[in-house]
Amino acid sequence: MKKNVKVNSKKQQVLLEIILNELLVVKEKLHVQQIKSNVITQKPQQVNIFGLAEYLNESPQAIFLKVKRKELPYTKFKNQTIFNVDEIDLFLEITNDNNTNC
């Protein structure tokens, strides 16, 4: 967006150009911060036990125990236990709804 601004002197013109350049720098920094923020807040689609523990704010031992008791949906791939984060969210939502209805 460009606006025409009347300036009365060369000094005002220089100051206006400095201000506009600084604003462009700030705008670019904010854009980069927003991109970084979006990347950070996006959740991964699949995680291992340690990633799920961090995601659910629980200990890895608690996740191991829930897997052993078959209390969480998971997939085995080679020797790893893999969790789909969307499935976990849905499972926990359904589980919480069932527990509140009892």
Side-chain angles (χ1 to χ4, degrees):
M1 180 170 90
K2 261 189 167 178
K3 288 192 175 190
N4 293 332
V5 177
K6 279 192 173 184
V7 289
N8 297 328
S9 69
K10 184 70 174 167
K11 189 176 181 178
Q12 286 179 338
Q13 178 70 31
V14 170
L15 286 173
L16 186 59
E17 287 176 9
I18 291 171
I19 291 170
L20 288 173
N21 285 336
E22 288 297 317
L23 284 173
L24 288 173
V25 169
V26 169
K27 180 183 174 188
E28 183 62 28
K29 285 181 181 178
L30 284 173
H31 180 69
V32 168
Q33 267 185 331
Q34 183 180 14
I35 290 171
K36 286 181 180 177
S37 175
N38 288 344
V39 168
I40 292 171
T41 57
Q42 291 176 348
K43 63 184 176 187
Q45 289 298 318
Q46 294 182 331
V47 293
N48 61 13
I49 286 180
F50 299 100
L52 186 63
E54 185 176 327
Y55 180 71
L56 296 178
N57 200 24
E58 293 189 19
S59 70
Q61 293 80 8
I63 303 300
F64 278 114
L65 188 58
K66 289 179 181 183
V67 167
K68 185 177 178 181
R69 293 179 181 167
K70 301 191 184 309
E71 295 175 355
L72 290 172
Y74 64 91
T75 303
K76 284 288 196 177
F77 180 73
K78 297 185 180 179
N79 289 336
Q80 268 200 323
T81 305
I82 304 295
F83 303 90
N84 181 305
V85 176
D86 291 332
E87 283 181 13
I88 294 292
D89 287 340
L90 182 62
F91 176 80
L92 293 175
E93 186 179 313
I94 291 169
T95 304
N96 288 339
D97 285 347
N98 288 343
N99 288 341
T100 56
N101 291 337
C102 293

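The OG atom of S9 lies 8.0 Å from the CG atom of L15; values are rounded to the nearest 0.5 Å. Rounding to the nearest 0.5 angstrom, the gap separating the CD atom in Q13 from the CD1 atom in I18 is 10.5 Å. Annotation: the span from I88 atom CD1 to K66 atom NZ amounts to 9.5 Å, rounded to 0.5 Å. Atom NZ of K68 sits about 13.0 Å away from atom CD of Q61, to the nearest 0.5 Å.
Side-chain heavy atoms closer than 4.5 Å link hydrophobic residues (I, L, V, M, F, W, Y) into clusters, and following such links, even through other members, never connects L72 to I82. Under a hydrophobic clustering in which Ile, Leu, Val, Met, Phe, Trp and Tyr are joined whenever their side-chain heavy atoms come within less than 4.5 Å, directly or via other members, Y55 and L92 fall into the same cluster.
The closest side-chain heavy-atom distance from V85 to Q46 is not below 4.5 Å. Counting heavy atoms from C-beta on, the side chains of I63 and L56 come closer than 4.5 Å. By the 4.5 Å heavy-atom criterion applied to side chains, L23 and I19 are counted as neighbours.
In terms of heavy atoms, P60 sits closest to A53 at N-CB, 3.7 Å. Considering every non-hydrogen atom in both V47 and L52, the closest pair reads CG2-N, 3.6 Å. In terms of heavy atoms, P73 sits closest to F83 at O-CD2, 3.3 Å.
Summarising the local packing, CD of E17 is surrounded by more than 12 heavy atoms from other residues, nucleotides or ligands at distances under 6.0 Å.
Counting only N and O atoms by type, the side chains of Y74 and N48 include no donor and acceptor under 3.5 Å apart.
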